[in-house]
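Notes follow once the structure below has been shown.
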Amino acid sequence: MKKLILIDGNSIAYRAFFALPLLNNDKGVYTNAVYGFTTMLLKIIQEEKPTHMLVAFDAGKTTFRHKTYEEYKGGRQKTPPELSEQFPLIRELLDAFNIKRFELDNYEADDIIGTLSKEAEKEKWEVKVVSGDKDLLQLVSDYVTVVLTKKGITNVESYDEALIDEKYGIKPHQIIDMKGLMGDSSDNIPGVPGVGEKTALKLLKQFGTIENVLDSVDDVSGKKLKEKLSENKEQALMSKELATIFTEVPYNLTLDELKFGEYDEEKVVSLFKELEFKSLVDQFDTGVSAAEKELEELSFDVVEEVKEEHLATPAAMVVEVLDENYHQADIAGFALVHEKGRYFIPTETALRSDLFVEWAKDETKKKWLLDAKRGVVVLGWKDVLLDGVDFDLLMASYLLDPSHSSHDLSDIATRKGAKSIQADEAVYGKGAKRKVPETDVLAEHLVRKANVIYELKERMEEELKKNEQFELFKDLEMPLSVVLGRMETEGVKVDIDQLKAMGEDLASRLAELEKHIHEHAGVSFNINSPKQLGEVLFEKLGLPVIKKTKTGYSTSADVLEKLAEDHEIIRHILHYRQLGKLNSTYIEGLVKVTHKGTSKIHTRFNQALTQTGRLSSTDPNLQNIPIRLEEGRKIRKAFIPSEEGWKILAADYSQIELRVLAHIAQDEKLITAFKEDMDVHTKTAMDVFHVSEEDVTSMMRRSAKAVNFGIVYGISDYGLSQSLGITRKEAAKFIERYLASYPNVAEYMERIIEEARENGYVSTLLNRRRYLPELTSRNFNQRSFAERTAMNTPIQGTAADIIKKAMVEMALRLEEANLKSRLLLQVHDELIFEVPPEEVDEMMKIVPEVMENAVELAVPLKVDISAGDTWYDAK
DNA sequence: TACCCCACGC
DNA sequence: GACGTACGTGGGGTAC
């Protein structure tokens, strides 16, 4: 049975505002109406357990009723600003709860509610209307109940036909007749003077409707009343009209769209935190609430010896590893859920079973996992091949909405309205306390997880298909996770002795520098402490303070650069910082994670994290190995092929983002520039400064490059001003000139923002999505940020799509051609391979071919490639 | 342990 | 006008 709750947003907000004292949070934002609204909402959800919900708001000042009666709602007190400023927060709240809200010019919330309640009634849904306004009672029927606030906000009364009859002695449809007669001072509906509730009801009991009353005025008892009725005939009819809810509002919603149930708990909690609704935060915070929730009984078997019957497919599969870093990690246990049953399989039982191992590697046996790469890699380390992965809930969740910061199964389950399960953290503990629990606890938790995966697979795929993201999911990200898993498992070989030698060299130079700096300062202090450094520079040495941070003086590189002239010590400090970074992050950091026996580093690529679709790399991050300064670049000499005589081959896309921009914006000038393989920064300089190629100075090119950079990364005028060392105004002018030079780009920027506002999201070439709810934010910064994101994400995201596609195709090609070459790393626009000497020539041909033809754009894609003995030499 | 500052890559 | 402004990861310091 479907149950629809329709809430009169304005009415409830007003009630809440006046019922509660003016609360505000520490930022001075008033929150009492939001708070009241929230408690009301939660109560309704909890008590009514609706399947569908909608909150309607009044839009604007005038409605069609003003045409009938100019004075409609006249004389009303203006909404207090303390209340109006809370409406955007209420909208935000509803969005966080994934509750549809709706408002429409010319119509009141009542009319929207009326229309939808009639609609739902036709479908025989149960409808509850929530408001503080008695007018709504006219909607009551066999299917529709109206819940009116009594005192305060959570004190309510449900009206059905019987209660209306009991209270008023009339039918719901007569409510409008009652209003017509008695009027409504709050809406400035006149009614008939001298007629109040009592008289109105008496008349209606006798005559039924206003029309009948007026037609039979002669039969009305009381001389005065007769007179009043005759005199105010028109007014009474008009009043009835005004009180009548219009139930044919044109709306573009379907009832199905009002579905309620899946929402982002994180968003809700973070909004509650922002609003300082402490009690609600406690109630909602994931760990707590999930742990407290009663879990439904779920039966399962613990497998003692793997048999055929345990291995039906398709099967949801959990390969549990507690360590965040799954490389060479212990498996805590397995769970399988399929149509034949639910099973927990202890690690050893599974791994020593030939049946299980054969099943795992059988491509035709379909497996559904959460984080397939994790499962594949961890089993790979145990020499168990996992094939036939047919569904990855992690990837599905990420593609549907990358903005969720957690893809913990319990979070996904909550969001998607699946059976709730405990968060891993609640079962395993966190930090130092994290450990494998008792077997029965573990077994049940794993089975529950597999069960959720099993439950959600179809629905997630449906959603992906609806979004036209199924191909992206199935043909790109899923195969890519296998490719990435292989890259991670393969690892990159490092020359550990060379790293250590560089470290020793750095250490001694750092000691030298430290001595110099302390001498210059006249005091011994920790140079790595921004606090101590700030005190030395700005208090002891009295250097001018350029910038402050929240906690003290800023000592960032750009600040220090500005002080370089003022004191000799600054150069040394900058150098110290540079070498210190190299030593701690890159030398010590890399040595720490290099496997002793194999001298290899196994990073993990996070495929479900960035908002744009790029990958990220952790433990260690191999996507930020130094290159720009020679000193740091030398680190790359330590990255070597894993086999004697092999080469490192690096292939990078040239200006892929700007090529993508040229394509998306269909900008002829840019397209031509790329077709002619021009230097794009020089070309930009020519166009922006209106000079010929010969007249482009290095300064102009540098500026043009910075602007192009800004376009690609979506930086603001402020960001551009920082990178060019100019004022914000100048930077803004610069951007303006750029856009004037490339009108199609300017047009694209406008169009994409408009489109994003309409759709609520932007997409890439391969339909990757990013939702941008802040585009309608009342906060200038949030909105501007969302606008830049709207412009930038399709560019960066499409570039990510392209290289991902190239990776998947490259893996296929290597296999087909039976090549020994291996893909090792991806650095956003660059692929790193290790290649046996006899394959170098072939790879130098194949790699660019695959990369350049990954997709077809209006401009050619260009790949630069080179090979060398180390990563350093592949330049 | 959580946060800040700083710095590396794209 | 809006006062904070590409995306990531990681190391070191510091306050709790």
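The chains referred to below are lettered A, B, ... by the order of the sequence lines, with proteins before strands, and numbering in each begins at 1.
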Exercise. Does the side chain of A:His575 come within less than 4.5 Å of A:Arg509's, by heavy atoms?
Worked result: yes
For this session: State, with a plain yes or no, whether a side-chain heavy atom of A:Phe709 is found less than 4.5 Å away from one of A:Val707.
Result: no
Exercise. Just by distance, with hydrogens left out, do A:Tyr553 and A:Glu539 show a side-chain donor and acceptor under 3.5 Å apart?
Worked result: yes
Problem set entry | Polar contact flag, side-chain donor to acceptor under 3.5 angstrom, A:Asn781-A:Ser784 | no
Provide the distance between the two [atom1] atoms, one in [N] and one in [M], to the nearest whole Å.
N: C:dG4; M: B:dC4; atom1: P; answer: 14 Å
N: B:dC3; M: C:dA6; atom1: C1'; answer: 23 Å
N: B:dC6; M: C:dT5; atom1: P; answer: 14 Å

Heavy atoms under 4.0 Å, any strand shown: does [X] hit a base, just sugar-phosphate, or nothing?
X: A:Thr789; result: nothing
X: A:Phe785; result: sugar-phosphate
X: A:Ile625; result: sugar-phosphate
X: A:Asp717; result: nothing
X: A:Ala731; result: nothing
X: A:Gln722; result: nothing
X: A:Gly431; result: sugar-phosphate

Do the side-chain N or O atoms of [X] get closer than 4.0 angstrom to the phosphate oxygens (OP1, OP2) of [N]?
X: A:Thr549; N: B:dC5; value: yes
X: A:Arg788; N: C:dT5; value: no
X: A:Gln532; N: C:dT14; value: yes
X: A:Ser529; N: C:dT14; value: yes
X: A:Ser716; N: C:dA6; value: yes
X: A:Ser616; N: C:dT9; value: yes
X: A:Thr551; N: B:dC5; value: yes
X: A:Asn624; N: B:dA7; value: no
X: A:Ser554; N: B:dC6; value: yes
X: A:Lys531; N: C:dT14; value: no

For this session: Starting at NZ of A:Lys493, measure out to OG1 of A:Thr870 and round the result to the nearest 0.5 Å.
Result: 14.5 Å
Exercise. What is the distance from atom CZ of A:Phe785 to atom OG of A:Ser777, rounded to the nearest 0.5 Å?
Worked result: 12.0 Å
Of the nucleotides [options], which has the atom closest to the [X] side chain?
X: A:Arg636; options: B:dC8, B:dG9, B:dC5; answer: B:dG9
X: A:Lys581; options: B:dC5, B:dG9, C:dG10; answer: C:dG10
X: A:Asn781; options: C:dG4, C:dG11, B:dC6; answer: C:dG4
X: A:Thr610; options: C:dG10, C:dG8, B:dC10; answer: C:dG8
X: A:Asn526; options: B:dC6, C:dG8, C:dG13; answer: C:dG13
X: A:Arg614; options: B:dC10, C:dG12, C:dG4; answer: B:dC10

Nearest-angstrom distance from the residue atom [atom1] of [X] to [atom2] of [N]:
X: A:Asp558; N: B:dC8; atom1: CG; atom2: P; answer: 12 Å
X: A:Leu574; N: B:dC6; atom1: CG; atom2: P; answer: 12 Å
X: A:Tyr586; N: C:dG11; atom1: OH; atom2: P; answer: 10 Å
X: A:Asp619; N: C:dG10; atom1: CG; atom2: C1'; answer: 10 Å
X: A:Asn621; N: B:dC10; atom1: CG; atom2: C1'; answer: 11 Å
X: A:Leu658; N: B:dC10; atom1: CG; atom2: P; answer: 15 Å
X: A:Arg434; N: B:dT1; atom1: CZ; atom2: P; answer: 13 Å
X: A:Asn583; N: C:dG11; atom1: CG; atom2: P; answer: 12 Å

Problem set entry | base_contact_polar (C:dG12 base, A:Asn528 side chain, donor-acceptor, <3.5 Å) | no
For this session: Look at the side chain of A:Arg577 against the base of B:dC6 and say whether a donor-acceptor pair falls under 3.5 Å; ignore hydrogens and angles.
Result: no
For this session: Look at atom CZ of A:Arg757 and say whether more than 12 heavy atoms of other residues, nucleotides or ligands are closer to it than 6.0 Å.
Result: yes
Exercise. Just wondering, are more than 12 heavy atoms of other shown residues or ligands nearer than 6.0 Å to NZ in A:Lys705?
Worked result: no
Problem set entry | Identified pairing partner of C:dA2, criterion: Watson-Crick or G-U wobble below 3.5 Å | none
Problem set entry | Assigned partner base of C:dG11, Watson-Crick or wobble definition, under 3.5 Å | B:dC5
Problem set entry | A:Phe780 over C:dA2, stacked by centroid distance under 5.5 Å, angle under 30° | yes
